[in-house]
Amino acid sequence: MKKTNVRYLIAVTVVVSGLLLTGCHRHISSDPDRIGKKLEKHVEHVLSSIDATEDQKNRIHAIVNEIRKDATSMYRNNSFQHGKILDNLFSDQPNATLLYSQVDERSEQMTAFAHRTIDHLLDINALLSPEQRKELKRKYHKAHDNQKW
């Protein structure tokens, strides 16, 4: 199974998850519930556009809900860690060893989250027909090929 088959869902999920985790304040509300609702609405639109069955929709929404819960948990944990890191960084004698270990710990958490998300996306991929994956790929390229990063 090719990795490019689910690029569209991966892109949407990764972007939204990243926004949930970073708490981007300039461009989008950092409220995980609001972002999650937008994600659900977008996923529903995409699933309708590829003629997903009700069973596929229900199962995929359940998987997306798991990703949302995981991302929200990571976001909330990030807010707590962010405060601890800043307190240490702005102290009179910052503890570099502690700062490095906090960054290392966060990196490990992010890697584990990314792996869980990929597992979920592979589960979604398995629920789609080859025609649906082909249509997702087409839609992804149509929406993203002309973007300048």
Whether N88 side chain and N95 backbone form a donor-acceptor pair below 3.5 Å: yes

Value rounded to 0.5 Å, distance of CD in E66 from CG in D123: 10.5 Å

Check: K137 and H141 side chains under 4.5 Å, non-hydrogen atoms: yes

Close side-chain approach of Y140 to L136, heavy-atom, < 4.5 Å: no

Candidates L47, L128, D51, I50 - the one meeting side-chain contact (heavy atoms from CB on, under 4.5 Å) with Q56: L128

E131 vs K134, salt bridge (charged side-chain N to carboxylate O under 4.0 Å, His left out): CA-CA, chis, key distance, verdict: CA-CA 5 Å; E131 295 81 18; K134 183 178 178 182; over 6 Å; no

Side-chain donor-acceptor contact under 3.5 Å, E40 with H61: yes

Atom pair CG (L98) and CD (E105), whose distance is rounded to the nearest 0.5 Å: 9.5 Å

Neighbour count above 12 (heavy atom, 6.0 Å) for R116 CZ: yes

Side-chain heavy-atom pair L99, Q102 within 4.5 angstrom cut-off: yes

Heavy-atom donor-acceptor pair, R59 side chain to L127 backbone, under 3.5 Å: no

Sidechain-backbone polar pair: Q132 side chain, S129 backbone, donor-acceptor under 3.5 Å: yes

Considering all heavy atoms, the nearest D33-R68 contact: O-NH2, 4.1 Å

Side-chain touch S107/V103, heavy atoms, less than 4.5 angstrom: yes

Nearest heavy-atom neighbours spanning D70 and F113: OD2-CD1, 3.4 Å

Nearest-0.5 Å distance that lies between atom CG in N125 and atom CD1 in I60: 9.5 Å

Worked verdict on I35 versus T72 for side chain to side chain contact (heavy atoms under 4.5 Å, CB included): CA-CA 10 Å; I35 295 169; T72 299; over 6 Å; no

Point-to-point distance, once rounded to the nearest 0.5 Å, from CE of M110 to OG1 of T117: 8.5 Å

Test item: K57 and S48 side chains (from C-beta on) under 4.5 Å apart, heavy atoms: yes

K139 versus S49, closest heavy-atom pair with distance: CE-OG, 3.0 Å

pair I63-L121: side-chain heavy atoms closer than 4.5 Å: no

Non-hydrogen side-chain atoms of R106 and M74 separated by less than 4.5 Å: yes

